[in-house]
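Step one of this worksheet: look at the structure below.
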Amino acid sequence: SEETQMREVLAETLESSVAFHHADMTSDEREIVEGGFRSGALRALVATSTLSMGVNLPTRNVVLDGRRWETKGPFGRPLLVDLTKSEFENMSGRAGRLAFTRDFGRSILVTQSRYQADNWFETYIERGFEDITPTLKHDRLEDLVLDLVASSLAKSRAELGQLLLSSFTGTIHWSEKMGREKFLEAVGAGVEVCTTGGLIREKGSALTVTKSGKEAAARSLGAETASIFARWANNAAPGAPAPLEVLTLLGQTVAGDGVYVRYTYREDREVDYKGEFVGRVDQAGLRERPVFHGYVSTRKALEDDEAKAVKKALMMQDWIDEVPTRELERRYETWAGSLKRIGEEYGWLCEGLAAICAAEGWPATWRRAVERLGERLIHGVREDALGVVKLRVRRLGRGLVPRLRGLGFLDVAELRRAGPDAVKRALGQRRLVDALFAKLAGAEHVEPPEPVQLRLPATAQVAPASAYAPIQG
């Protein structure tokens, strides 16, 4: 697997039989930590709430903070909020799990305040669970409108209102909090978003879905995002689009904005992402494309959401150009797991964009270029490596691609001609090569490569802050 800065940090903590677990780790790094904890090699594990979501790592003692981070507020900044009783029960459930541990488990909250202790006891022990939150409460009405029309469950504004108000959310939230008339006005506004965006047609009282609307609903793109995609598809320059143009477009959508990226105070004050971005736009000769106008036509500093979108576009361009992961971690102050996650989410958006482009009448060659970009984002490789990485052989990812390219083994046909023995001699890693050729032969059951091994250097050190080399202002 590819070397990452996260591994350096992990190596140092593992020497003391301590590790950490969070969403920004790669699957290999999580496997190391989870395996070590199950075996007893790790005595303590510091984790975010992600560990409570479906990972079987039972333990005797769980020490909880009593709070968690949540992104909320007008600027989308992370804030500390108290755990609900449901969250407390789920996280506490790691301790003393039946059939996994012989001893009873403890869930521990630490405080120096008697008042806080009494409050926790009342909230988590004596009080009942919170009221059920209506499932559709926070959904955008235009998205619900599109889904219902696309599925033919509602064929008019009247049917939309009747169906939504008869739901659980409609009964206990919309009817009570908004009132029937105000809610029906909001549904009407949702219909307007969909018709203006070319996702729904309205003839008389009848509502029907368009080809683009059907693709958007099938992929859960959301009405606003799909409308932006359709508008771009109808106004884009002829030919296959440049990767940077598509990456910028994705960041301008509601769905793309929802793809989380870390953006620090230091970056906001010291890193000139906009200057780097405009430089790349000019270098590619793309300044006249409409998606770039808001960035190249003004000297104004970027707002937070714009800066994050630009950062993601730069990161993902470097990701698919196979810039080493360690360098990307330093350059963008991020972790390998975040790069992989953003690539996968942007890859999914590219797939949706390609479907919208097809619905809007794009030629197959142009649409296929968008699809290939999506595949590259998922795997983090150049286009010539897609044939090999799409085989999905474990451990055969972007970290091994440059070596395969240097050996002339990126082409699947060339791999078959060379045969497993020649590839083993050139590459080593016998079990990985066996798994690769089993996939090439179409075997259903493939023996996995060797388990992940984390080599602990004699003097493992965490890279100091000065080692980071982000884009400078």
Side-chain angles (χ1 to χ4, degrees), residues 146 150 196-201 209-256 259 277 280-296 309-310 312-322 342-390 410-412:
L146 177 59
T196 304
L199 309 177
I200 286 176
R201 295 190 189 93
V209 69
T210 65
K211 288 183 179 179
S212 288
K214 193 170 185 178
E215 293 292 352
R219 288 167 170 76
S220 299
L221 291 175
E224 290 279 7
T225 294
S227 297
I228 291 173
F229 283 173
R231 185 162 56 250
W232 176 82
N234 284 304
N235 293 285
L244 186 58
E245 180 178 5
V246 175
L247 293 172
T248 304
L249 172 71
L250 301 183
Q252 294 173 350
T253 65
V254 172
V259 177
F277 178 76
R280 294 191 191 187
V281 170
D282 286 339
Q283 187 177 23
L286 301 172
R287 178 176 279 262
E288 298 307 314
R289 301 288 173 91
V291 295
F292 300 114
H293 286 175
Y295 306 107
V296 301
V310 164
K312 284 183 282 191
L314 294 171
M315 284 173 59
M316 289 299 100
Q317 185 178 54
D318 290 346
W319 172 250
I320 61 176
D321 284 343
E322 296 179 17
I342 295 171
E344 289 172 347
E345 294 187 52
Y346 264 37
W348 164 72
L349 283 174
C350 258
E351 179 184 317
L353 174 60
I356 297 293
C357 289
E360 295 297 327
W362 270 37
T365 52
W366 300 1
R367 169 181 53 79
R368 182 60 187 144
V370 179
E371 291 175 347
R372 286 196 302 270
L373 176 59
E375 293 167 352
R376 292 176 63 195
L377 285 163
I378 291 170
H379 298 286
V381 295
R382 300 174 191 165
E383 191 165 335
D384 65 344
L386 284 176
V388 169
V389 296
K390 284 171 65 178
L410 270 188
D411 183 73
V412 172

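Only a predicted model underlies this, so the values are computations on that prediction, with no experimental measurement involved. Because only heavy atoms are used, hydrogens play no part in the values below, and waters and symmetry mates are left out as well, while side chains stay in.
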Check: Any idea which heavy atoms bring Ala216 and Ala226 closest together, and the distance?
Finding: CB-CB, 3.4 Å

Notebook entry, point to check: Can you name the nearest heavy-atom pair linking Glu322 to Ala385, along with the distance?
Noted result: OE2-CB, 4.2 Å

Next item on the list: Examine distances only and state if a side-chain atom of Lys312 and a backbone atom of Gly256 form a donor-acceptor pair shorter than 3.5 Å.
Entry: yes

Checklist line | Glu371 side, atom CD; Leu353 side, atom CG - distance, nearest 0.5 Å | finding: 10.0 Å

Notebook entry, point to check: Under 3.5 Å, is there a donor-acceptor pair between the side chain of His379 and the main chain of Lys390?
Noted result: no

Checklist line | From Arg368 atom CZ to Thr365 atom OG1, the distance as rounded to the nearest 0.5 Å | finding: 11.5 Å

Item checked: Closest non-hydrogen atom pair between Pro241 and Trp362, with its separation -> CD-CZ3, 4.0 Å

Notebook entry, point to check: In chain order, what residues pass the ring-ring contact (aromatic ring centres under 6.0 Å, His included) check against Tyr346, with sequence neighbours excluded?
Noted result: none

Checklist line | Separation of Leu199 CG from Phe229 CZ (nearest 0.5 Å) | finding: 11.5 Å

Margin query: Just so I know, are the side chains of Ile228 and Leu249 near enough to count as touching, which here means a heavy-atom distance under 4.5 Å?
Written below: yes

Next item on the list: Look up atom CG in Leu250 and atom OG1 in Thr225, then write down how far apart they are to the nearest 0.5 Å.
Entry: 9.5 Å

Margin query: Going by side-chain hydrogen bond (donor to acceptor under 3.5 Å, both in side chains), name the pairs with one or both residues in residues 238-252, residues two or more places apart or in two chains.
Written below: Trp232-Glu245, Glu245-Arg289

Margin query: Which heavy atom of Ser212 sits nearest to which heavy atom of Ile356, and what is that distance?
Written below: O-CD1, 3.4 Å

Check: Rounded to the nearest 0.5 Å, how far apart are CZ of Arg367 and CZ of Arg372?
Finding: 10.5 Å

Margin query: If I take atom CG from residue Leu221 and atom CG from residue Leu349, how far apart are they, to the nearest 0.5 angstrom?
Written below: 7.0 Å

Check: Of all heavy-atom pairs between Ala309 and Tyr295, which one has the smallest distance, and what is that distance?
Finding: CB-OH, 4.5 Å

Next item on the list: Using a strict 4.0 Å threshold on nitrogen-to-oxygen distance, state whether Lys211 and Glu215 make a salt bridge.
Entry: no

Note to self: Leu377 vs Ile320, test: side-chain contact (heavy atoms from CB on, under 4.5 Å). Steps then yes/no.
What the structure shows: CA-CA 6 Å; Leu377 285 163; Ile320 61 176; 3.8 Å; yes

Margin query: Can you give me the closest heavy-atom contact between Ala242 and Leu286, atom names plus distance?
Written below: CB-CD1, 3.8 Å

Next item on the list: Say whether Thr253 and Glu224, considering side chains only, have a donor N or O and an acceptor N or O under 3.5 Å apart.
Entry: no

Margin query: Check whether Trp319 reaches the backbone of Gly343 with its side chain - one donor and one acceptor, N or O, closer than 3.5 Å.
Written below: no

Notebook entry, point to check: Are Glu383 and Leu386 side-chain neighbours, meaning at least one heavy-atom pair lies under 4.5 Å?
Noted result: yes

Note to self: Quick one, Phe277 with Val296, criterion side-chain contact (heavy atoms from CB on, under 4.5 Å). Give me CA distance, side-chain angles, the key distance, then yes/no.
What the structure shows: CA-CA 9 Å; Phe277 178 76; Val296 301; 5.9 Å; no

Notebook entry, point to check: Do the side chain of Arg376 and the main chain of Val381 share a donor and acceptor less than 3.5 angstrom apart?
Noted result: yes

